[in-house]
Each structure stands twice: as C-alpha cells, then as structure tokens.
Amino acid sequence: MYVKITIFTDDPVLIKQIDSNVKETITEQGGGVHVSLITSESRRVVSHLFKHNIVTDEASLYLIDVTVKKQYDGIDLARTIRKFDPLAYIVFLSDNDICKKYIDYEIRCFDFFFKPIGKTEFIKLISKIDGDYALIANTFMGAYSRRISVVSNYKNLNIPIKDIIAFEHNKPKTKIYMKGGIVDIYSSLAEIENKLENSFGELYHGFIKIHKAIIVNLQFVRKVDIKNCCVEMSNGEIFVMARSRRYEVKEEFEKYYEDLND
C-alpha cells in the first residue's frame, strides 16, 4: 500500500486526529501511508503538486478542510488540483454537508466526511483508495512509464508519454508540447500515431486526434468547448477542433474520466 497524503487545514485538532489515524493504519495494515504536506496555504499545496510527479506508484490523497480561515478556500483548491492531477483522490472534510454537491464531474471528489474523521473511517478510506489505485495502476501505469523515440536537432530523444500534452503538425515540422516545454521534430502526424500505437497498444485511446493536424493527451484536457470548437489544455494552450469531430471529442473526453472513476 502506497498513499501519500496532503492535508489542507488550519484546525490543530484535525491535524492531530489524522496523524493518529495514519499511525493506526500503519500499525494495522502496514505499507507506505505517509503525510507529505500539512498546510493552510493553497499556494503551498499547488507548489507541492508541481514539484512531484503526478503519475507515480503512489496514490495522492488530498484531505481538504473545506473551511480554512473561515472561508471556503478548500473548494477552489480542489478545482485547481483536479485541473493538474487527473488521478488525485480528493476527500472533503467539513462541519456541514454543503460540499457534498461537489462530488461531481468537475471536481470528482472521492469522498466526504464530517470532521473529525475517525480511525475506522480513515482505515476504510485508505483501503478503498489502495484497491482503486491498484486497478488504475494495472490499466494505466504501464503505459505511462513508456516513452517514444524522436529526433530533434540531430539528437535522439526518448520522451515519457506521461509528459506529452499534445502534438501539432505544421509542415514540415511537428511540435510536441510537453510539461517541460516544446520540442520540434520533422515528422508527419501519421508517424506520430504509429509511435503512439506501438507504445500504448490498447491504451492508445489516451490520445485523440481533434483535428487533422492535432493530437491531444486526454490526461491534460481541461475543457472541451463545443460552442467555440476548441480544446483548453491544463498548461493554458488552446487548440482548435475540427467541427466535424467536436462531439466525438467531447464524448471521448467524458468517457476517459468515467473510465478513471469506474
């Protein structure tokens, strides 16, 4: 069991309770359950998120106290986490049930508890996450550990598929948008598709062609805008969709995240 926990709260009683729960869980079940950050500052959570790989062999659990500093900052923070971490386990903690409605498509909150979260509830939560993430790992992690080989400026590059945001072809070059920047290569989009298929096999559906010259990684899609016929990515890039494909792209985007949550 490997679960890293980020705690967003300014409640010292809750912090003490969770610390006790973590120790009890390790005692009863063993494994790598650990707290990686405790803070009441949203910016620190986001910074922590970017400093660590999103897709790893550990499940990322965010325990979010909805009301911090007497404001509902936790809900806005959850939205930000979801934009950049599609596999995050977001769990709301609250004195009331106002945030239950956010267990929805936008935030996809994994669970909700009234404060404080008890030992039995916590252990059940960790067990549920562990089982769920094992399924995701078997389905997705092998593909995310793979790379595609390309040549750029006469150099051979092996790019992790998990870091690729999109491909955009503009003869004679194709731009590869990645978390760390952009690489230009001399390649057709058909050659890129072949590389993806060889790397992903059956999981090639993680990428989708939205235009004859553009392929995007669904992991990094923030929004599919049917009206304006474009796709907004988590890094801020906006790509135009072919009008004939807009409804298909929307459907594939929704199905992708439904599959993650099944």
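Side-chain atoms of Phe239 and Val216, non-hydrogen and from C-beta on, do get closer than 4.5 Å to each other. The shortest distance between side-chain heavy atoms of Thr6 and Leu61 does not fall below 4.5 Å. Two residues are said to be in side-chain contact when any heavy atoms from C-beta on lie closer than 4.5 Å; Ile117 and Leu125 meet this criterion. Side chains of Ile208 and Leu218 form a contact here, defined as non-hydrogen atoms less than 4.5 Å apart. Between Ile7 and Ile64, the closest side-chain pair of non-hydrogen atoms is not below 4.5 Å. Between Val224 and Met241 the shortest side-chain heavy-atom distance falls below 4.5 Å.
To the nearest 0.5 Å, atoms CG (Leu93) and CG (Leu63) are separated by 5.5 Å. To the nearest 0.5 Å, atom OH of residue Tyr62 and atom CD1 of residue Ile5 are 12.0 Å apart. Rounded to the nearest 0.5 Å, atoms OH (Tyr89) and OG (Ser60) are 9.5 Å apart. Between the NZ atom in Lys115 and the CZ atom in Phe92 there is a gap of 13.0 Å [rounded to 0.5 Å]. To the nearest 0.5 Å, atoms CG (Leu189) and NE2 (His211) are separated by 10.5 Å. Here the straight-line distance linking atom CD1 of Ile176 with atom OG of Ser152 works out to 7.5 Å at 0.5 Å rounding.
No donor-acceptor distance shorter than 3.5 angstrom exists from the side chain of Arg79 to the backbone of Gly74, with no hydrogens or angles considered. Distance alone, capped at 3.5 Å, places no donor-acceptor pair between the Glu254 side chain and the Glu251 backbone. Counting only distance, with no hydrogens or angles, the side chain of Asp111 and the backbone of Val91 share no donor-acceptor pair below 3.5 Å. The backbone N or O of Gln219 lies less than 3.5 Å from a partner atom in the side chain of Asn217, making a donor-acceptor pair.
A single hydrophobic cluster is seen to contain both Met233 and Ile182, as judged by linkage of ILVMFWY side chains at heavy-atom distances under 4.5 Å, directly or through other members. Hydrophobic clustering places Phe114 together with Phe8 (ILVMFWY residues linked when any side-chain heavy atoms are closer than 4.5 Å, directly or through intermediates).
Salt-bridge annotation for Arg245 and Glu248: present, with a side-chain N of the basic residue lying under 4.0 Å from a carboxylate O of the acidic one.
Evaluation of the salt bridge (Lys or Arg N to Asp or Glu O under 4.0 Å) test over residues 209-226, restricted to residues two or more places apart or in two chains, returns Glu193-Lys209, Arg222-Glu232. Screening residues 35-47 for salt bridge (Lys or Arg N to Asp or Glu O under 4.0 Å), with sequence neighbours left out, gives Glu41-Lys69.
The two residues Arg246 and Cys229 make their nearest non-hydrogen contact at CD-SG, 4.1 Å. For Ala78 against Ile90, the heavy-atom pair with the smallest separation is O-CD1, 3.7 Å. Across all non-hydrogen atoms, the minimal contact from Leu37 to His48 is CD2-CB, 3.7 Å. The nearest pair of heavy atoms linking Val22 to Val33 is CG1-O, 3.8 Å.
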Which pairs would a plain distance check flag for residues 13-20, meaning a side-chain donor or acceptor within less than 3.5 Å of a matching protein atom at least two apart in sequence or in another chain?
| unit_1 | atom_1 | unit_2 | atom_2 | d |
| --- | --- | --- | --- | --- |
| Gln17 | NE2 | Asn21 | OD1 | 3.2 |
| Asp19 | OD2 | Lys23 | NZ | 3.3 |

Do any side-chain atoms of residues 165-172 form donor-acceptor pairs under 3.5 angstrom with protein atoms, and if so which ones, sequence neighbours left out?
| unit_1 | atom_1 | unit_2 | atom_2 | d |
| --- | --- | --- | --- | --- |
| Glu168 | OE1 | Tyr177 | OH | 2.6 |
| His169 | ND1 | Lys173 | O | 3.1 |
| His169 | ND1 | Thr174 | OG1 | 2.7 |
| His169 | ND1 | Ser187 | O | 3.2 |

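By the side chain to side chain contact (heavy atoms under 4.5 Å, CB included) test, Val240 is found to be paired with no residue, residues two or more places apart in sequence or in another chain being considered. Qualifying side-chain hydrogen bond (donor to acceptor under 3.5 Å, both in side chains) partners for Asp184, counting only residues two or more places apart in sequence or in other chains: Lys175.
Within 6.0 Å of CD in Glu121 there are more than 12 heavy atoms belonging to other residues, nucleotides or ligands.
Donor-acceptor pairing under 3.5 Å is lacking for the side chains of Asp10 and Ser40.
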